[in-house]
There are 2 protein chains.
Amino acid sequence: MSTTVVTPFKHEGHDHDHCVDDALARAERQCERRGVRLTPIRRRVLELIWRRHEPMKAYDLLDMLRAERRSAAPPTVYRALDFLLEEGLIHRIESLNAYVGCGDPDRPHVGQFLICRHCNAVAEMNDADVHKVLADKAGDLGFQVGTQTIEINGLCPICRDQGHALNAV
Amino acid sequence: MSTTVVTPFKHEGHDHDHCVDDALARAERQCERRGVRLTPIRRRVLELIWRRHEPMKAYDLLDMLRAERRSAAPPTVYRALDFLLEEGLIHRIESLNAYVGCGDPDRPHVGQFLICRHCNAVAEMNDADVHKVLADKAGDLGFQVGTQTIEINGLCPICRDQGHALNAV
DNA sequence: TACGACGTGTTATATTGTTGCACAAGCAAG
DNA sequence: CTTGCTTGTGCAACAATATAACACGTCGTA
């Protein structure tokens, strides 16, 4: 089984406070190791992203930031996001213009995302088979693969079990 | 081999006029069959997209439209794009906010795109193995797959052969 | 003819992301 | 410690992408 579940769906009963604290602690350790600064703004943005455990839009983050920091403006948020992306602490979901926390920031990687169209939950996989079959097929066409953007829209286990259907977006 | 190359890279020596005319003729036939109207605006937008054979941005299309139709405004372009997307005549590249022609509009499908970071050329694959491995892996996690967004950034055969490197974006 | 569906024109607005410059905070060399 | 460098932040404006709302026109058809 080559699947690594980097960030699972937020299942019922998971201790979300703990999950967020964990992510922040990991981020702090990693930044220290790398000699980069997880400043209060950057830390707060990362926390806001993890708190919701679903893709967060830049301007939603901005609104939240503004509630506690009068000076917050678009560049405030985008700079923090750029830093967090750079350090691998978050990923950008292209199909949503939104950002999610990364459960495994240590190694640089691109994620393979499963996005629930009903509840917006996101899980991140990192599956070597997926990566390989894409790289092989692209290679057959003479294409040299750089970064893969893979975003699957559908229904998460919980929403599926609740009888929500794919066709009704 | 489960790979279908829906739209190949524009290789040297390919007769681009013919390629564009073909795409337009196919589009016309398909719209007629379906009883929908490929109006002059819609046809022109489709033609502009095919002409360049690379991802086209909405506002670039708008600028071109405006050159020949004074009344063109953002809704003019976006309505045409919506129609063309709906009919499967073009695809949207999420990671670029751009649009490309589809070489096989007949059957509804989502494409798997190879995008050259050097020359911006795009090829569309539609590979059943890729689709299946993703669906299987997602299924293992209890996720029901709806639509797949797959966009691979890298180097097309020509740019690769010319010695361009991946790391230099 | 009258109606209804569809396509377009027009204006305004919403959403998402960037540039440029000034200032402040942390840090290292002398 | 202080000078100077690098990095982070404040702030104002702007650029790029996309949608809303409503009026009007065209065309097929009852």
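Letters A, B, ... are given to chains in the order of the sequence lines, protein chains preceding strands, and every chain is numbered from 1. On a predicted model such as this, the values are computed, not experimentally measured, just so you know.
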Q | Where at least one partner belongs to residues 88-115 of chain A, residue pairs that pass salt bridge (Lys or Arg N to Asp or Glu O under 4.0 Å), sequence neighbours excluded | A | A/R33-A/D106, A/R92-A/E94, A/D104-A/R107

Q.
I'd like to know if A/R42 and A/E87 make a salt bridge, using a cut-off of under 4.0 Å between side-chain N and carboxylate O.
A. no

Q: Would you check if the side chain of B/R26 reaches a backbone N or O of B/G103 as a donor-acceptor pair within less than 3.5 Å?
A: yes

**Q.** Pair B/D129, B/S2: side-chain N/O donor-acceptor within cut-off below 3.5 Å
**A.** yes

Q. Is B/R29 paired with B/E32 through a side-chain N to carboxylate O contact shorter than 4.0 Å?
A. no

(Q) For a quick check under 3.5 Å, do B/H14 and B/H16 share a side-chain donor-acceptor pair by atom type? (A) yes

Q) Counting only heavy atoms not in B/E86, do more than 12 sit closer than 6.0 Å to its CD atom? A) no

Q) Transitive ILVMFWY cluster of B/V6 at side-chain heavy atoms under 4.5 Å: who else is in it? A) none

Q) Taking all non-hydrogen atoms of both residues, which atom of B/A58 and which atom of B/Y78 are closest, and how far apart? A) CB-OH, 3.4 Å

(Q) Heavy atoms within less than 4.0 Å of DNA chain D: which residues of residues 24-38 of chain B have one? Give them sorted by number. (A) none

Q: Scan A/R69 against the nucleic acid and name what it touches under 4.0 Å (heavy atoms): base, sugar-phosphate only, or nothing.
A: sugar-phosphate

Q) Counting only non-hydrogen atoms, which of residues 79-96 of chain A are less than 4.0 Å from DNA chain C? A) A/R79, A/R92

Q.
Please tell me whether A/H91 and A/H109 have a donor and an acceptor in their side chains that are separated by less than 3.5 angstrom.
A. yes

Q: Please list, by residue number, the residues of residues 43-64 of chain B whose heavy atoms come closer than 4.0 Å to an atom of DNA chain C; answer none if no residue qualifies.
A: none

(Q) If the cut-off is 4.0 Å, is A/Y99 near the phosphate of C/dT16, judged by side-chain N/O to OP1 or OP2? (A) no

Q | Atom-to-atom span, OH of B/Y78 to P of C/dT13 - whole angstrom | A | 19 Å

Q.
Are the side chains of B/V20 and B/E47 in contact, using a 4.5 Å heavy-atom criterion?
A. yes

Q. Would B/K10 and B/E54 pass as an ion pair if we require N to O under 4.0 Å?
A. no

Q: Assign each of B/P74 and B/P40 to its nearest nucleotide of DNA chain C by heavy atoms, then name whichever residue's nucleotide is nearer the 5' end.
A: B/P40

Q. Quick one: on DNA chain D, does A/A73 or B/P75 contact a more 5' nucleotide (nearest heavy atom)?
A. A/A73

Q: Begin from the C-alpha positions of A/E28 and A/L24 and carry the test side-chain contact (heavy atoms from CB on, under 4.5 Å) through to its verdict.
A: CA-CA 6 Å; A/E28 253 156 26; A/L24 290 173; 5.5 Å; no

Q) Which two nucleotides bound the region of DNA chain D that has atoms under 4.0 Å from heavy atoms of chain A, read 5' to 3'? A) D/dG8 to D/dA12

